[in-house]
Protein chains: 2
Amino acid sequence: MVMTSGQAMQQALALADEAACAGEVPVGAVVLDEQGHVLAMARNHVEEQHDASAHAELLAMRQAARQRGSSRLESCTLVVTLEPCPMCAAAITHFRIRRLIYGAYDPKGGAVDHGPRLFHRPTCLHRPEEVISGVREREASEQLRVFFRALRQRG
Amino acid sequence: MVMTSGQAMQQALALADEAACAGEVPVGAVVLDEQGHVLAMARNHVEEQHDASAHAELLAMRQAARQRGSSRLESCTLVVTLEPCPMCAAAITHFRIRRLIYGAYDPKGGAVDHGPRLFHRPTCLHRPEEVISGVREREASEQLRVFFRALRQRG
């Protein structure tokens, strides 16, 4: 299956919705290769898998690498609905993702444009060549707002 | 199996040796519960699993959480031979590890006592209560030095 990065974000938003329905924080991610082939798609699975590291983008990168038979995703694009946390941002450098496209900004938990801004550190060896932030930001943020509001109300 | 944290570091060093023999960067990790029961042990598996996130401590925490049926390892100790990178340091906060004990310092790649020093950031919500750094540092560093020297010589 071939997708543009816009279609991949649409798909990631749909995966995030699916996560919310399953009681998971709504985040979805897609990995595309250089021709736009979908290598992997994933959503958050922290609660269901009892795995605090089962963030959408980490699962998607692991799947994509398995699919390729290589831990290096050097020519690939990662599309994700939320700004990656430090764990996922560092994983993006370990997997050598070429391009990162993300939706909602995360001033508290993000590590790309906020907090430790990992790709800007001098010791970061394999930062993505390109980062596009805030794509469909309003929808991606709204999914998260609705989810956390409902969580607080259930309290 | 019950271990002291010293025995766990001994075990982690042995796992790191095993990693080196398999061509993996020599890092080993053990997770203990509050009574010192071993919940999980792991070594690096990046090359063999084609998974750039398959660092010893991340694998050990995921195993321990599966074992417990909970993504929270709130009362647990993580013993690892090398200072965790930003990915693993952030995962330590996601899994809510109570105590971190590590061996070799990593001024370039570490994120606990070097670089972004993630546990010291104001947005870090679940930092470990206790961090003990540099335990058996000389042996842990030596394993890494020997491994990377041999790698350079093989070219």
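Below, chains carry the letters A, B, ... as their sequence lines are ordered, and counting in each starts from 1.
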K.L.:
Do His50(A) and Arg66(B) make a side-chain contact, defined as non-hydrogen atoms from C-beta onward lying under 4.5 Å apart?
P.N.:
no
K.L.:
Is Leu58(B) in contact with chain A via its backbone, its side chain, both, or neither, using a 4.5 Å heavy-atom distance?
P.N.:
side chain
K.L.:
Can Met9(B) be reached from Val112(B) by stepping across I, L, V, M, F, W or Y side chains whose heavy atoms are under 4.5 Å apart?
P.N.:
no
K.L.:
Determine, stepwise, if the pair His94(A) / His55(B) fulfils side chain to side chain contact (heavy atoms under 4.5 Å, CB included).
P.N.:
CA-CA 10 Å; His94(A) 293 326; His55(B) 288 191; 3.5 Å; yes
K.L.:
Is it true that Leu118(B) and Ile101(B) fall in one hydrophobic cluster, defined by side-chain heavy atoms closer than 4.5 Å?
P.N.:
no
K.L.:
Can you tell me if CZ on Arg98(A) sees more than 12 non-hydrogen neighbours from other groups inside 6.0 Å?
P.N.:
yes
K.L.:
With respect to chain A, which residue among Ala65(B), Ala52(B), Ala90(B), Ala64(B) yields the maximal number of heavy-atom pairs within a distance under 4.5 Å?
P.N.:
Ala52(B)
K.L.:
Of the non-hydrogen atoms in Asp51(A) and Ser71(B), which two are nearest, and what is the gap between them?
P.N.:
N-CB, 3.7 Å
K.L.:
I'd like to know if Val38(A) and Leu73(A) are part of one continuous hydrophobic network [Ile/Leu/Val/Met/Phe/Trp/Tyr, side-chain heavy atoms within less than 4.5 Å].
P.N.:
no
K.L.:
Are Leu59(A) and Ile92(A) grouped together when hydrophobic residues (ILVMFWY) are joined by side-chain heavy atoms under 4.5 angstrom apart?
P.N.:
no
K.L.:
Does any non-hydrogen side-chain atom of Ser53(A) lie less than 4.5 Å from one of Met61(B)?
P.N.:
no
K.L.:
Does some side-chain heavy atom of Pro86(B) sit less than 4.5 Å from a side-chain heavy atom of Arg121(A)?
P.N.:
no
K.L.:
Quick check on His114(B) against chain A: is it the side chain, the backbone, both or neither that has a heavy atom closer than 4.5 Å?
P.N.:
neither
K.L.:
Using every non-hydrogen atom in the two residues, find where Lys108(A) and Thr123(B) come nearest and quote the distance to one decimal.
P.N.:
O-CB, 3.2 Å
K.L.:
Using a 4.5 angstrom heavy-atom cutoff, name the option from Gly69(A), Gly115(A), Ala89(A) with the most pairs to chain B.
P.N.:
Gly69(A)
K.L.:
Just wondering, are more than 12 heavy atoms of other shown residues or ligands nearer than 6.0 Å to CZ in Arg68(B)?
P.N.:
yes
K.L.:
Which region of Ser70(B), side chain (C-beta onward) or backbone (N, CA, C, O), has a non-hydrogen atom less than 4.5 Å from a non-hydrogen atom of chain A, or is it both or neither?
P.N.:
backbone
K.L.:
Hydrophobic clusters here meaning ILVMFWY residues chained together by side-chain heavy-atom distances under 4.5 Å, can you tell me if Phe147(B) and Tyr105(B) are in one?
P.N.:
yes
